[in-house]
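To start, the structure itself, in structure tokens.
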Amino acid sequence: MENEELHPTVREFKEFVNKHPQIMIEVRKSGKSWQGYYDKWVINGEDDAMWQEFTTSRSKPKEQNSELLPLLMKYAENINVNKLQEQIGRFDETIQAIQKLLINSERHGEKTQERKPFNWFYD
């Protein structure tokens, strides 16, 4: 449906939602219909307290992202690459040992299962 065919209040509501994409995320997450949100917007207007959680939360991710990069850079400066590489090597050895144990237990389990089918004949 083209924007020209929409009722003016529907167009205004659509613009309001486009300005505050958190509303769209909430509608999709909650599974509620757009009609309820539209009715509340028409009756109460966009200054209603209901919309505050959607309109104010929009600025938070930008602030968090702007603080995240310097924090990551600070942590990256303190990383000892040699220690990290050593720990990754130990982790790899641990995984290999676990894999060997699993393979051996599977082989051992198969052998014992092959011998046990007739154990139910014994008292």
Side-chain angles (χ1 to χ4, degrees):
M1 184 180 276
E2 295 293 322
N3 267 351
E4 295 84 34
E5 297 175 20
L6 296 175
H7 190 273
T9 57
V10 175
R11 266 188 273 147
E12 289 175 27
F13 179 68
K14 192 173 180 182
E15 290 172 10
F16 176 71
V17 170
N18 286 332
K19 287 180 192 174
H20 308 290
Q22 290 295 330
I23 299 170
M24 193 179 314
I25 294 168
E26 176 63 26
V27 171
R28 290 178 181 163
K29 187 171 67 173
S30 70
K32 295 179 182 175
S33 75
W34 280 105
Q35 188 65 48
Y37 287 92
Y38 173 73
D39 291 341
K40 289 179 183 177
W41 181 81
V42 169
I43 294 169
N44 301 330
E46 62 184 63
D47 295 328
D48 188 51
M50 173 192 172
W51 306 114
Q52 286 180 350
E53 67 178 283
F54 304 114
T55 57
T56 57
S57 64
R58 186 175 182 194
S59 62
K60 288 181 183 175
K62 289 181 183 176
E63 293 172 8
Q64 289 175 350
N65 288 340
S66 66
E67 295 172 3
L68 183 63
L69 186 60
L71 185 63
L72 288 173
M73 294 300 291
K74 179 182 171 187
Y75 286 131
E77 290 173 358
N78 296 329
I79 292 176
N80 184 338
V81 178
N82 293 331
K83 279 188 175 182
L84 181 64
Q85 198 168 15
E86 184 181 313
Q87 289 178 351
I88 291 172
R90 287 185 195 153
F91 185 68
D92 186 46
E93 290 172 4
T94 304
I95 290 175
Q96 288 176 2
I98 291 170
Q99 286 176 336
K100 286 179 184 178
L101 284 171
L102 289 173
I103 290 170
N104 288 338
S105 68
E106 285 177 0
R107 288 181 185 159
H108 180 69
E110 289 172 4
K111 289 178 183 176
T112 56
Q113 287 177 354
E114 289 173 5
R115 286 185 263 150
K116 290 186 178 180
F118 300 106
N119 281 347
W120 54 276
F121 284 115
Y122 297 112
D123 285 53

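Positions are given from 1 along the sequence. It should be emphasised that the depicted structure is a prediction, and the values quoted were computed from it without experimental measurement.
How far CD1 of I23 is from CE of M50: 7.5 Å, rounded to the nearest 0.5 Å. Note that CG of L102 is 7.5 Å distant from CD1 of I98, once rounded to the nearest 0.5 Å. Note that CD1 of I25 and CZ of R28 are 8.0 Å apart. Values are rounded to the nearest 0.5 Å. Distance CD/Q99 to CD1/I95: 7.0 Å, rounded to 0.5 Å.
Looking at heavy atoms from C-beta onward, R107 lies in side-chain contact with N104 at the 4.5 angstrom threshold. Side-chain contact check for W41 versus D48: every heavy-atom pair is 4.5 Å or farther apart. The shortest distance between side-chain heavy atoms of F13 and V42 does not fall below 4.5 Å.
Side-chain atoms of N18 come within 3.5 Å of backbone N or O of K14 as a donor-acceptor pair. Under the 3.5 Å distance criterion, the side-chain polar atoms of W51 are matched with a main-chain donor or acceptor of G45. Looking only at distances, no side-chain donor or acceptor of H20 sits under 3.5 Å from a matching main-chain atom of Q22.
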Run the numbers on T9 and Y38 for side chain to side chain donor-acceptor pair (under 3.5 Å), then give the verdict. CA-CA 9 Å; T9 57; Y38 173 73; 2.6 Å; yes

Go through it in stages, so that I can follow the logic: the residues are F16 and K19, the test is side-chain contact (heavy atoms from CB on, under 4.5 Å), and I'd like the CA-CA distance, side-chain angles, deciding distance and then a yes or no. CA-CA 5 Å; F16 176 71; K19 287 180 192 174; 5.6 Å; no

Hey, mind stepping through M24 and W34 against side-chain contact (heavy atoms from CB on, under 4.5 Å) and telling me if it holds? CA-CA 9 Å; M24 193 179 314; W34 280 105; 4.0 Å; yes

What do the steps show when you test E86 against R90 for salt bridge (charged side-chain N to carboxylate O under 4.0 Å, His left out), and what is the final call? CA-CA 6 Å; E86 184 181 313; R90 287 185 195 153; 2.4 Å; yes

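By the criterion of side-chain heavy atoms lying less than 4.5 angstrom apart, applied directly or through intervening Ile, Leu, Val, Met, Phe, Trp or Tyr residues, L6 is grouped together with V17 in one hydrophobic cluster.
Environment of CD in Q85: sparse, with no more than 12 heavy atoms of neighbouring residues, nucleotides or ligands closer than 6.0 Å.
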